[in-house]
Student: 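Mind having a look at this structure? Questions to follow.
Note that the coordinates shown come from a computational prediction; the quantities given were computed from them, not determined experimentally. Quick note: numbers below take in every heavy atom, side chains included, and nothing from hydrogens, waters or symmetry partners.
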Amino acid sequence: MALVNERGYAGIEVDYRNVDPTLREHFTVFVRTLADRLHKQGKLLVVRVPTPRRISEDEFDSGAYDLVAIGQAADQVHLTAPVNPEAWVPGGDVDALLTWVTGKVNRYKLAVVVPTASYDLTQDGEPMPIRYEEAVRALSQVRLAGVEQGMAMPGQPVRLVVNAFQDDNVRDDPTTQTYQFTSTSPDGQWRVIVLANAASLGRKLDIVGRYAVGGVVVPDAEYADPRVWDLLAEYRQGSGSLPFFENQFALVWQLRNERGEQISSQVQSLDSGEVMLRAPEEPGVYQIAVAISDDGGATTYGDPAAQRIVVPTATPEPTATPTPTPAPSPTPVPPTPTPRPRGGGGNQGGGNQAGTKPPPSSPPPPSTAPSGPMAYGIQAHLIYQDKARIMRMIQGLGFNWVKQQIEWKVFEPAPRSNPMGRDGLNCGRCPGSWHQGALLHRQGAQVGPAAGR
């Protein structure tokens, strides 16, 4: 009473929670005494009571709060309705509770405390209100699927999965227009979130309106969907028709390049729990920014969650170089008989002997080693050697390619560096790049400073 008089209040609301049921009579005496003192000074008394516990199909237990006595003494009784969305289905706990309580409290004195905020249900079982933007952001957590280490080939399908929809974690109730799902907090803890908004509040007001109660109380309004204010304004005017809101949750994604420029965008229904798009054809680093909307894409909430993908430069497949066809072997020429020597020159025995001069040696026939992908080759050591001579020798052996093992750190101690200069091992067929591990050269390729490869 001192507080009311000092502050000049028109009255006071008493919200004593968790009162021991054994003190039921004492709490009733307290309410009656306070109401009497306030009324003598023309002040009002409002008593808020917690949600009664349902004990049978049509009976509830109000614990320490005698609703009949409180309803007679107080000017208004604020009845806290359940937070659980399942209680708000037609014919559910809320319908049964309002049927029961309007039989004990004058319905014109009764106001229903209707939950409007989204709630986190994981805090020791006590529902904790959270801001609507936070709940929507938790629902929009996505991850890349089927793309290893964020690497996608040009044109490859990319799938983004909404985490909350995995393993049937989302419970979408069209009758109450609420979503209940599990999510993870920034510190990695699991959370159970009930997402409520103007659409779900509209369903609740429809139920409360059937009982012609004195009004509704909106707790935690600063956490609610901003659209609830338009809905409450219509309800307060008592026009009989409320604006109709229906959830149209959608994922809104944008594909951006390294400069932040938008490449493409799309609005996709949230029903499937995933987003499908194709990686760009051009190589580069891209960001897929994903946000969530509750009105089909017109409005998005929170900072879009960004997923990074890298589209690498495609490496062309090597093309086989045709191998020259060996020339046919020349037809051997029979040796020409050498004439008998005349006189006794060169033969101390004095007798003439028939002799034959051996034919000149012919070059070995070119090798018929197979060509193509399985052609024969050889490993040689070309570094700091007469490369042209070694290559001629290898070709003479009939091999079509040669391999040179190198130590990479010797030839490129730093990116784009070549201490060997033009005499190095850059093949010349791959501008701006160096062979790694081994150099392969087909038959006929020039090797050396003049060739530059």
Side-chain angles (χ1 to χ4, degrees), residues 11-35 44-121 123-129 173 175-176 178 180 192 194 196 200-201 203-221 235:
I12 196 168
E13 178 176 359
V14 173
D15 183 9
Y16 287 179
R17 305 179 185 181
N18 302 318
V19 176
D20 189 336
T22 61
L23 301 177
R24 180 183 176 100
E25 293 183 5
H26 297 277
F27 186 76
T28 300
V29 171
F30 162 70
V31 170
R32 285 173 174 167
T33 304
L34 182 57
L44 299 175
L45 173 62
V46 178
V47 179
R48 182 175 297 197
V49 297
T51 307
R53 181 174 59 91
R54 190 170 187 176
I55 57 177
S56 68
E57 183 176 354
D58 53 3
E59 287 293 327
F60 288 79
D61 179 13
S62 59
Y65 310 90
D66 185 342
L67 295 182
V68 175
I70 292 173
Q72 293 173 349
D75 298 285
Q76 288 186 14
V77 177
H78 291 177
L79 175 69
T80 304
V83 172
N84 189 348
E86 296 178 359
W88 289 92
V89 298
D93 286 348
V94 172
D95 268 319
L97 175 61
L98 293 178
T99 300
W100 176 78
V101 77
T102 51
K104 298 181 178 299
V105 179
N106 184 334
R107 69 183 66 238
Y108 301 112
K109 284 188 175 184
L110 184 65
V112 181
V113 182
V114 179
T116 58
S118 299
Y119 285 85
D120 186 337
L121 302 180
Q123 300 295 328
D124 300 325
E126 183 71 20
M128 299 296 294
D173 189 348
T175 60
T176 62
T178 56
Q180 182 170 324
V192 179
V194 174
S200 58
L201 178 60
R203 301 299 189 274
K204 295 170 184 175
L205 294 180
D206 281 340
I207 293 177
V208 174
R210 300 175 195 151
Y211 293 88
V213 297
V216 296
V217 178
V218 179
D220 305 316
Y235 181 83

Student: Can you tell me how far CG of Asp220 sits from CE of Met128, rounded to the nearest 0.5 angstrom?
Tutor: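 The CG atom of Asp220 is 9.0 Å from CE of Met128, to the nearest 0.5 Å.
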Student: Which atom pair, heavy atoms only, marks the closest approach of Ala81 to Val112?
Tutor: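 Here Ala81 and Val112 meet closest at CB-CG1, 3.9 Å.
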Student: On a heavy-atom basis, which atom in Val213 and which in Leu110 lie closest, and how many Å separate them?
Tutor: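 Result for this residue pair: CB-O, 3.5 Å.
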Student: From the options Leu23, Val31, Val29, select the one residue that forms a side chain to side chain contact (heavy atoms under 4.5 Å, CB included) with Phe27.
Tutor: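 Output: one option passes, namely Val31.
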Student: Angle between ring planes, Phe60 versus Trp100, binned at 30° and 60°: parallel, tilted or perpendicular?
Tutor: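 Answer is tilted, since the angle falls between 30° and 60°.
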Student: Counting only heavy atoms not in Glu13, do more than 12 fall under 6.0 Å of its CD?
Tutor: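 Yes, enclosed.
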Student: Dump the intermediate steps for side-chain contact (heavy atoms from CB on, under 4.5 Å) on Val47 and Tyr65, then the final yes or no.
Tutor: CA-CA 10 Å; Val47 179; Tyr65 310 90; 5.8 Å; no
Student: Hey, mind stepping through Leu97 and Arg54 against side-chain contact (heavy atoms from CB on, under 4.5 Å) and telling me if it holds?
Tutor: CA-CA 8 Å; Leu97 175 61; Arg54 190 170 187 176; over 6 Å; no
Student: Of all the heavy-atom pairs spanning Val216 and Ala111, show the shortest one and how long it is.
Tutor: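 Residues Val216 and Ala111, closest heavy atoms: N-CB, 4.4 Å.
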Student: What's the separation between atom CZ in Arg24 and atom OG1 in Thr28, rounded to the nearest 0.5 Å?
Tutor: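 Here the rounded value is 6.5 Å.
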Student: Please name the pair of heavy atoms, one in Ser62 and one in Pro52, separated by the smallest distance, quoted to 0.1 Å.
Tutor: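 For Ser62 and Pro52, the tightest heavy-atom pair comes out as CA-CB, 4.1 Å.
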Student: Inspect the surroundings of CG in Asp58 and state if more than 12 heavy atoms from other residues, nucleotides or ligands are less than 6.0 Å away.
Tutor: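 For Asp58, atom CG is crowded (more than 12 foreign heavy atoms under 6.0 Å).
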Student: Decide yes or no for Leu98 and Leu79: does some side-chain heavy atom of the first lie under 4.5 Å from some side-chain heavy atom of the second?
Tutor: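 Yes - at least one pair of side-chain heavy atoms lies under 4.5 Å apart.
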Student: What's the shortest heavy-atom distance between Pro219 and Val217, and which atoms?
Tutor: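 What the structure gives for the nearest pair is CD-O, 3.3 Å.
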Student: Can you tell me if Asp75 uses its side chain to pair, donor with acceptor, with the backbone of Val46 under 3.5 Å?
Tutor: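 Checking the backbone N and O of Val46 against the side chain of Asp75, no donor-acceptor pair under 3.5 Å is found.
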Student: To the closest 0.5 Å, what do you measure between CD1 (Ile12) and CG (Leu44)?
Tutor: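 Reported value, rounded in 0.5 Å steps: 11.5 Å.
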Student: Do Val94 and Lys204 make a side-chain contact, defined as non-hydrogen atoms from C-beta onward lying under 4.5 Å apart?
Tutor: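 Of all side-chain heavy-atom pairs linking Lys204 with Val94, none is under 4.5 Å.
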Student: To the closest 0.5 Å, what do you measure between CG (Asp15) and NE2 (His78)?
Tutor: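 If I round to the nearest 0.5 Å, the distance is 10.5 Å.
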Student: Do you know which two heavy atoms are closest between Arg32 and Ala69, and how far apart they sit?
Tutor: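 Distance-wise, the nearest heavy atoms are NH2-CB, 3.6 Å.
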Student: Take Gln180 and Val192 through the side-chain contact (heavy atoms from CB on, under 4.5 Å) test and state the conclusion after the steps.
Tutor: CA-CA 7 Å; Gln180 182 170 324; Val192 179; 3.9 Å; yes
Student: Out of curiosity, Lys104 NZ to Ile70 CD1, how far, rounded to the nearest 0.5 Å?
Tutor: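 So the NZ of Lys104 and the CD1 of Ile70 are separated by 12.0 Å.
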Student: Can you sort out the partners of Tyr211 under ring pair (Phe, Tyr, Trp, His ring centres under 6.0 Å), two or more places apart, ordered by chain and number?
Tutor: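 For Tyr211 there are no ring pair (Phe, Tyr, Trp, His ring centres under 6.0 Å) partners, ignoring immediate neighbours.
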Student: Of all residues at least two apart in sequence or in a different chain, which pass the side chain to side chain contact (heavy atoms under 4.5 Å, CB included) check with Thr176?
Tutor: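 Once residues adjacent in sequence are excluded, the partners of Thr176 under the side chain to side chain contact (heavy atoms under 4.5 Å, CB included) criterion are Pro85, Trp88, Val89, Asp173, Thr178.
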Student: More than 12 heavy atoms of other residues, nucleotides or ligands under 6.0 Å from OH of Tyr16: yes or no?
Tutor: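 No, the 6.0 Å shell around OH holds no more than 12 heavy atoms from other groups.
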Student: When you compare the side chain of Val194 with that of Val83, does any pair of heavy atoms fall below 4.5 Å?
Tutor: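 No, too far: nothing below the 4.5 Å cut-off.
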Student: Report the C-alpha distance between Val208 and Tyr235 in whole Å, list the side-chain angles of each, state the deciding distance to 0.1 Å, and finish with yes or no for side-chain contact (heavy atoms from CB on, under 4.5 Å).
Tutor: CA-CA 11 Å; Val208 174; Tyr235 181 83; 4.2 Å; yes
